[in-house]
Amino acid sequence: MKEKQEMIKKELEKDLKLVKTTNDLNELKVRYLGKKGIITELTKNMNELSIEEKKEIGRLSNELRGELAEKISELENELHAKELNEKLVNEKIDVTMPSTKLSVGCMHPLTRISDELEELFISMGYDVVSGPEVEIDKYNFEMLNLPKDHPARDAQDSFYITDEELLRTQTSAVQVRSMLKNQEKKPFKIVCPGKTYRRDADDATHSHQFMQMEGLVVDENITLADLKGTLEEMAHRMFGNERKVRFRPSFFPFTEPSYEVDVSCMKCGGAGCNVCKGTGWIEVLGSGMVHPNVLNVCGFDANKYSGFAFGVGIERIAMLKYGINDIRDFYTNDLRFLKNYNRVEGGDK
Ligand code: DAH
C-alpha cells in the first residue's frame with residue numbers, strides 16, 4: 001500500500017506539471033479525488049481483508065487524499081492569480097483611444113415646421129385634430145362643393161383605390177369630418193396637419209406625397225376680418241414681423257370669397273429677385289370664407305353660421321424658411337441634409 005501511495009504521489013507531481021489552465025486542473029482533480037477517482041479505487045476490493053487492514057488502508061488513503069487535495073489547491077490558487085493577472089493585462093482599457101461616435105437622431109424639418117404651426121395655433125385657442133389618409137370621395141371632394149364632374153378636380157389628379165376611396169388630395173377633407181363631428185360643440189376652431197397625395201410627376205417643386213395643414217373656424221358672426229387678422233398673425237410669426245402680407249382674390253370651390261395669401265419676399269424684402277421671380281411677393285397659402293353650400297351640407301345653417309378656412313403647404317413654408325430649392329430633398333432622407341435643419345435659435349434642441 002505504501003508503495004502504491006508513493007507511486008500515486010509521483011504520478012500527481014508529474015501530472016501537476018502538465019496543468020496549464022484551471023480547466024486542466026479541474027479534470028485532474030476529478031481524476032484523482034472524484035467519486036470514481038484514483039483514491040476511491042484504492043479502497044475498493046477490500047472484502048477479503050481483515051478489519052484492522054481495512055482501517056489501515058482507510059487511514060492511509062485519507063492521508064493521501066488530504067495531501068493531494070492540498071497540492072491541487074495550491075496550484076489552483078497559483079493558476080487563479082495568474083489568470084486574473086493575464087485578464088487585467090489583456091483587458092486594459094486605453095482611455096486615450098478615439099470613441100465610437102453614437103449617432104443621434106434629429107427632428108425632420110417638416111415635423112419641425114408642422115410643430116411650429118401647431119404651437120402657433122394652439123396659442124390662439126385652436127384644437128389640433130387628424131383625419132385618415134385614405135379618404136372617401138364624398139369628404140375629399142363632393143361635400144366640399146366639388147361634384148364628380150367638377151373641372152377643379154382635374155387640378156388634383158388623385159390616387160383612387162376604389163371608385164369611392166382615394167388617398168386624400170387635400171387636408172380640406174378634415175373640414176367636412178370636423179363639421180359633421182362638432183354639431184353639438186359650436187363654435188369650434190381646428191387645425192389639422194397631415195400627409196396628402198396627388199398623381200404629380202416628381203420634380204423640384206412637385207412631390208406625389210406632400211404635407212398640408214388645414215385650418216377651420218366656424219361660429220356665428222365670423223367675418224373676413226377674422227380671417228385676415230388670423231392669417232396676418234400667422235405670417236408674421238412664421239416669417240417675421242417685418243413681412244408685409246397681402247390677400248389676393250382667388251378661387252377655391254369650397255370658399256367664397258377665396259384668397260391667396262402672399263408675404264413680401266424674405267430674400268429681397270420686396271424689391272424683386274430670383275426667389276420671388278421679380279414680383280416681390282411669395283404665395284404662402286390658400287384661404288377663404290367657408291362656402292354656404294359646404295356649411296349647409298355639413299349641418300350648419302349658413303344663414304346663422306359662417307366660417308373661414310385655410311390650407312398651408314408645409315413643404316412650401318419649410319422651403320421658404322430654410323432656403324431649400326428642391327422639394328424632393330425632404331423625402332430622400334439623406335441624413336446630411338436632414339441634420340442641417342436640426343438647429344434652432346439659441347442652441348440645439
Ligand atoms: N385645399 C386647397 C389645396 O390643396 C388649399 C386650401 C385653399 C384650403 C383654401 C382651404 C382653403 O381650406 O380655404 O390647394
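For ligands, and for the atoms within them, numbers begin at 1 and follow the listed sequence.
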Relative to the heavy atoms of Gly288, which atoms of ligand 1 are at a distance of less than 4.0 Å?
13 (O)
Protein residue, atom and distance nearest to atom 5 (C) of ligand 1, heavy-atom basis:
Gly311 CA, 4.1 Å
For atom 2 (C) of ligand 1, what is the closest protein heavy atom, and at what distance to 0.1 Å?
Gln170 OE1, 3.7 Å
for atom 11 (C) of ligand 1, nearest protein heavy atom and its distance come out as Phe254 CE1, 3.6 Å
Check: Asp226 and Val217 side chains under 4.5 Å, non-hydrogen atoms:
no
Please check if atom CG in Leu88 has more than 12 non-hydrogen atoms from other residues, nucleotides or ligands closer than 6.0 Å.
yes
Kindly state whether the ring of Tyr331 and the ring of Phe337 have centres lying under 6.0 angstrom apart.
no
For Asn221, is the CG atom crowded, meaning more than 12 foreign heavy atoms sit under 6.0 Å from it?
no
Closest by any non-hydrogen atom to atom 7 (C) of ligand 1: pick that one out of Phe252, Phe210, Phe308, Tyr259.
Phe252
Establish, from distance only, whether the side-chain atoms of Arg237 and Ser123 form a donor-acceptor pair under 3.5 Å.
yes
Which of the numbered atoms in ligand 1 are under 4.0 angstrom from any heavy atom belonging to Thr255?
13 (O)
Does an N or O anywhere in Ala309 fall below 3.5 Å from an N or O of ligand 1?
yes
For Arg153 and Ser158, indicate whether the former's side chain and the latter's backbone hold a donor-acceptor pair under 3.5 Å.
no
Polar contact flag for Glu214 and ligand 1 (N/O pairs, less than 3.5 Å)
yes
The atoms of ligand 1 lying under 4.0 Å from a heavy atom of Ser172, numbered in the order shown, are 1 (N), 8 (C)
Counting heavy atoms only, which of Arg168, Arg198, Gln156 comes nearest to atom 4 (O) of ligand 1?
Arg198
Is there a donor-acceptor contact under 3.5 Å linking the side chains of Tyr197 and Glu133?
yes
